[in-house]
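To start, the structure under review is shown below, and the notes come after it.
Every chain is numbered from 1 and lettered A, B, ... according to where its sequence line falls, protein lines coming before strand lines. Everything quoted here is computed from the prediction, not taken from an experiment.
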Amino acid sequence: MVIGAKVTRVSTNPIVYHSFNCTSDVYTKLLEAYAQNGALQSGKTLHAHLVINGLAQKTHFASKLIAFYAERKQLPHARKLFDQIPESNIRRWIVLIGAYARHGFYEEAMSVFSEMQREGVKPNKFVLPSVLKACGRFSDFRMGAILHGVILKNEFEFDSYVVSALIDMYSKCGKVEKAKRVFYGMVDKDLVAMNALVSGYLQYGIVNDALVLVEEMKIQGMKPNVVTYNTLIAGFSQEDDQVLVCKVIELMHDDGLELDVVSWTSIISGLVQNFHNREAFGMFKRMLDVGLCPTSATISSILPACATVADLMLGREIHGYTMVTGIEKDVYAKSALIDMYAKCGLISEAKELFSKTSERNSVTWNSMIFGYANHGYCSEAIELFNQMLREEERKPDHLTFTAALTACSHAGMVQYGESLFKMMQDKYAIKPRLEHFACMVDLLGRAGKLDEAYNLIQSMPIEPDLFVWGAFLGACRQHGNMDLAEIAAKQLAKLEPESAGSSVLLSSLYADASKWANVAKLKRVIKKKKLKKFPGCSWVEVA
DNA sequence: ATAGGGTTAG
């Protein structure tokens, strides 16, 4: 067997290894080769062979195997191996925590870090950036502040990786002042640290400070890179500020940089988020015209704009592209596709995608449950919700419960809905939000339990909004309760003076009750306030 | 080991 550059081409059949009676060296080379581009299956085969030869638990191999699985997002495999190694060495912890943080499992990253500390392993400067990242993404400021203490105590504050990660953590937690203080305390300010602070300013809405910082640092000789500019573009585009987006593009040109796929994706994403679907499609086309290939992020950004029957054709084309490129497997793109089909009413297509999915996150589940619930497949929605509860790797979140409660409300399942509302708080420690109260009011109200709905509203720990009162008013109308309807309408008038929605609803209520004089009076009020009723509309697809 | 773009919402 030849060992060296061509080692990736070696057969992955364990019988072949066995017959060659491999040495440790061969395994090491194989593992290193697989680490970069090996398929998951090849790695598993090699792993099996190491187990047979009693080598899997040797620290040297185990660390490499952990890294192999972690890199392919096989965190449960990585964790299992990790647990099988008795020896406690910080490298293993770094690999595992880093993998969790890189793949978005922030809670796991932090809990493994706590575990590491409980076992008496002292954090070093290599593990801290990953943990700080997890804190930031999870907005765990308390933990982040403790880590800041660890950094100072161990004199890690001169390590640029650690400090940049610290600034990023404070930025993500919305503690811009702290981020600023750390940045200005740096002796050698580096680009990554500056970019982290720019991102903090933007998230905090101090757009001008972000621009000023970049200009200031330019004067001091720092050269912004494409990451700096993309951060600015993303922030401005989300704010729907096309003028500033253009300004940044000009700055990029001045610096001799051109827009990359991340720049385009940021622009498209902002347009879609701000409902400029046509402009987003235009940008998407221009991006293709300049020869850039959309990534899974581009696809997940543009798909929500196709989630209407009128633009389904484009959505289908994009779906085709994801199948050809392999992007379809990406959990973001997959969830967006499921949502798109569901929103267009193509439940069976959504379902097919959902059932073929190997990797699902809460968004994937929620999209499908919402799809069912919003199209009247209430029992399917509830069934899927229960399946999610049974499959423990993904916990339901506040949107899962919104989706499930919506299904209950459409199906008139009052008791079950009430039990879910309770379970959400007691078992999953999710505080009810406005949308949950709105669902509950809708659920109780539709069932004619107006007093219970009203009591619920009055017991709310947060101020009811127009959806809550709107649901209540709708129920009052349905059941012809004028007294409670007037209470709701008054609250609505306070909340949404600029919209005529509640007044229109109230006027039809009065019409139902044959109080024509009141209808006329209301219509005058609406006219006087120049309120506009948004007409309902429908789309047909023209081939 | 650190910085940029992404999916669900009554």
| Chi angles and distances behind the salt bridge (Lys or Arg N to Asp or Glu O under 4.0 Å) call for A:Glu349, A:Arg316 | CA-CA 11 Å; A:Glu349 309 213 31; A:Arg316 283 196 189 281; 3.0 Å; yes

| query | Relative to the ring of A:Phe421, is the ring of A:Phe437 parallel (under 30°), tilted (30 to 60°) or perpendicular (over 60°)? | reply |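 Taking A:Phe421 first and then A:Phe437, their aromatic rings stand perpendicular (interplane angle over 60°).
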
| task | Look at the aromatic rings of A:Tyr170 and A:Phe141 and report parallel, tilted or perpendicular, splitting at 30° and 60°. | result |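 Rings of A:Tyr170 and A:Phe141: tilted, 30 to 60°.
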
| Between A:Tyr161 and B:dA1, do the rings stack, that is, sit under 5.5 Å apart with planes less than 30° off each other? | yes

[N] base to [X] side chain: any donor-acceptor pair below 3.5 Å?
X: A:Asp260; N: B:dG5; answer: no
X: A:Thr295; N: B:dG5; answer: yes
X: A:Asn366; N: B:dA9; answer: no
X: A:Ser301; N: B:dG6; answer: no
X: A:Asp442; N: B:dG10; answer: no
X: A:Ser367; N: B:dT8; answer: no

Which nucleotide in [options] has an atom nearest any side-chain atom of [X]:
X: A:Pro304; options: B:dG10, B:dT8, B:dG6; answer: B:dT8
X: A:Tyr332; options: B:dT8, B:dT7, B:dG5; answer: B:dT7
X: A:Val363; options: B:dG10, B:dA3, B:dT7; answer: B:dT7
X: A:Val227; options: B:dA3, B:dG5, B:dG10; answer: B:dA3
X: A:Glu435; options: B:dT2, B:dA9, B:dG6; answer: B:dA9

Checking all strands, does [X] fall into the base, sugar-phosphate, or nothing category for heavy-atom contacts under 4.0 angstrom?
X: A:Thr298; result: base
X: A:Val226; result: base
X: A:Ile299; result: nothing
X: A:Lys334; result: nothing
X: A:Ser160; result: base
X: A:Val162; result: nothing
X: A:Phe370; result: sugar-phosphate
X: A:Asp465; result: base

| request: Look at A:Arg137 and B:dT2 and indicate whether a side-chain polar atom (N or O) is within less than 4.0 Å of OP1 or OP2. | output: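 Answer is no, no contact under 4.0 Å.
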
| said: If the cut-off is 4.0 Å, is A:Lys343 near the phosphate of B:dA9, judged by side-chain N/O to OP1 or OP2? | reply: yes

| message | For A:Trp264 and A:Phe284: C-alpha separation, side-chain torsions, deciding distance, then whether ring-ring contact (aromatic ring centres under 6.0 Å, His included) applies. | response | CA-CA 8 Å; A:Trp264 284 94; A:Phe284 186 64; 9.9 Å; no

| Does any residue of residues 163-178 of chain A have a heavy atom under 4.0 Å from DNA chain B, and if so, which ones, in number order? | A:Ser164, A:Asp168, A:Lys172

| note | Sorted by number, residues from residues 264-275 of chain A placing a heavy atom under 4.0 Å from DNA chain B are A:Thr265, A:Ser266, A:Ser269, A:Gln273

Can you measure [X] atom [atom1] to [N] atom [atom2] for me and round it to whole angstrom units?
X: A:Leu337; N: B:dG6; atom1: CG; atom2: C1'; result: 13 Å
X: A:Leu147; N: B:dT2; atom1: CG; atom2: P; result: 15 Å
X: A:Leu232; N: B:dG5; atom1: CG; atom2: C1'; result: 13 Å
X: A:Ile457; N: B:dG10; atom1: CD1; atom2: C1'; result: 13 Å
X: A:His103; N: B:dG6; atom1: NE2; atom2: C1'; result: 16 Å
X: A:Asp330; N: B:dT8; atom1: CG; atom2: C1'; result: 15 Å
X: A:Ile302; N: B:dG5; atom1: CD1; atom2: P; result: 18 Å
X: A:Glu239; N: B:dG5; atom1: CD; atom2: C1'; result: 16 Å

| query | Taking NZ, NE, NH1 and NH2 as the nitrogens, is one of them in A:Glu380 or A:Lys351 under 4.0 Å from a carboxylate oxygen of the other? | reply | no

| request: Could you tell me the separation between the CE atom of A:Met283 and the OG atom of A:Ser237, rounded to the nearest 0.5 Å? | output: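 It comes to 8.5 Å.
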
| query | When the aromatic ring centroids of A:Phe138 and A:Phe105 are compared, is their separation below 6.0 Å? | reply |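 No; A:Phe105 has its ring centre 6.0 Å or more from that of A:Phe138.
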
| What about the rings of A:Phe385 and A:Trp365, do their centers lie closer together than 6.0 Å? |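 Here the rings of A:Trp365 and A:Phe385 have centres that are no less than 6.0 Å from each other.
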
Distance-only polar pair, side chains of [X] and [Y], donor-acceptor under 3.5 Å:
X: A:Thr298; Y: A:Ser301; answer: no
X: A:Asp168; Y: A:Ser171; answer: no
X: A:Ser199; Y: A:Gln203; answer: yes
X: A:Asp255; Y: A:Tyr229; answer: yes

